[in-house]
Asker: 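Supplied in structure tokens, the structure appears directly below.
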Amino acid sequence: MKLSVGIFFGGLFGALGILFFLVAFGTDYWLLATEVGTCSDGLNETMEEKIIFHHEGFFWRCWFDGKIHNNHNSMWKFWYIYRSFWSVLMLLGVVTVIVASFLIICAAPFGSHVLYKVGGGFFITAGILFTLVVVLYVIWVQAMADLKNYVITKKMDCPDFSLYVRYGWSFILAPVGIFFAMFSGMLFLLVGRTIYLHSD
């Protein structure tokens with residue numbers, strides 16, 4: 001394997017991973033929802049069809065939380081602790097991937113196998129941290145966000161109320177960034193090993 005090719009693609013994939021992470025966590029389209037229903041306006045009892053669109057970012061409170069759990073203080077505290085936990089993991093991932101980038105930049109002029117290996121390890125660690133963030137987010141959406149009760153509550157005013165929820169493009173970019181970061185880390189580990197073997 002040519003070292004220059006491995007270093008080039010490792011750097012390219014690492015840069016792409018960082019770019020995808022920044023776009024994914026910096027935009028607010030992780031969760032998309034559409035509410036459709038015919039509801040009374042409460043004044044003259046006329047029925048009006050409404051279509052409402054929602055989108056949620058990574059850090060922002062989900063749009064249905066306040067209507068479901070506003071009487072459960074302990075539940076609210078749990079939501080904030082849970083979301084704070086994945087935010088901390090995300091920040092650790094960002095710091096890790098930045099440190100990995102600096103290590104690789106420092107390794108290039110000197111051909112240091114140690115810096116390449118450590119930088120690759122940091123890229124892989126960042127990928128693992130971001131994977132945990134995505135998994136925690138999916139668990140929150142699928143198991144902890146009480147969509148069923150939200151729909152039941154809305155149907156009191158809107159008998160034919162329907163809710164459509166899907167993951168947005170910001171969410172889709174995160175696993176792509178994870179793939180590039182992990183692949184970059186493996187390439188740099190291989191580069192470091194190759195330099196070490198040829199230095200003997």
Asker: What is the minimum heavy-atom distance between G119 and I104, and which atoms define it?
Answerer: CA-CD1, 3.8 Å

Asker: Between W30 and Y137, is the ring pair (Phe, Tyr, Trp, His ring centres under 6.0 Å) condition met? List the steps.
Answerer: CA-CA 9 Å; W30 276 63; Y137 188 84; 5.0 Å; yes

Asker: Under 4.5 Å between any side-chain heavy atoms of T96 and F123, yes or no?
Answerer: no

Asker: Starting from the C-alpha separation in whole Å, work towards a yes-or-no answer on side-chain contact (heavy atoms from CB on, under 4.5 Å) for I128 and M182.
Answerer: CA-CA 8 Å; I128 292 170; M182 299 284 274; 4.3 Å; yes

Asker: So, for I18 and S101, which heavy atoms are closest and what is the spacing to 0.1 Å?
Answerer: CD1-OG, 3.0 Å

Asker: Output, in order, the C-alpha distance, side-chain angles, deciding distance and verdict of side-chain contact (heavy atoms from CB on, under 4.5 Å) for L189 and Y116.
Answerer: CA-CA 6 Å; L189 286 176; Y116 276 120; over 6 Å; no

Asker: Would you mind telling me which of V99, V97, L92 makes a side-chain contact (heavy atoms from CB on, under 4.5 Å) with V95?
Answerer: V99

Asker: Do S4 and F8 come close enough that some side-chain heavy atom pair is under 4.5 Å?
Answerer: no

Asker: On the 0 to 90° scale, with breaks at 30° and 60°, tag the F9-F13 ring pair as parallel, tilted or perpendicular.
Answerer: tilted

Asker: Begin from the C-alpha positions of W169 and V23 and carry the test side-chain contact (heavy atoms from CB on, under 4.5 Å) through to its verdict.
Answerer: CA-CA 10 Å; W169 59 267; V23 174; 3.9 Å; yes

Asker: Following the transitive rule for hydrophobic clusters with a side-chain heavy-atom cut-off under 4.5 Å over Ile, Leu, Val, Met, Phe, Trp and Tyr, establish whether L19 and I105 coincide in one cluster.
Answerer: no

Asker: Calculate, to the nearest 0.5 Å, the distance between atoms CZ and CG belonging to F180 and L12 respectively.
Answerer: 7.5 Å

Asker: Please give me the minimum heavy-atom distance between A107 and L115, naming the atom from each residue.
Answerer: CB-CB, 3.4 Å

Asker: Can you check whether M90 reaches L129 side chain to side chain, under 4.5 Å on heavy atoms?
Answerer: no

Asker: Yes or no on side-chain contact (heavy atoms from CB on, under 4.5 Å) for V133 and F25, after CA distance, side-chain angles and deciding distance?
Answerer: CA-CA 11 Å; V133 169; F25 294 111; 3.9 Å; yes

Asker: Answer yes or no: does atom CZ of F21 have more than 12 heavy-atom neighbours from other residues, nucleotides or ligands under 6.0 Å?
Answerer: yes

Asker: For residues G93 and A126, report the shortest heavy-atom separation together with the two atoms involved.
Answerer: O-CB, 3.8 Å

Asker: Assess whether atom CZ of F183 is packed by more than 12 heavy atoms of other residues, nucleotides or ligands within 6.0 Å.
Answerer: no

Asker: Between K117 and Y196, is NZ or CZ placed under 6.0 angstrom from the six-membered ring centre and within 45° of the ring axis?
Answerer: yes

Asker: Any donor-acceptor pair under 3.5 Å linking the side chain of S184 with the backbone of G10?
Answerer: yes

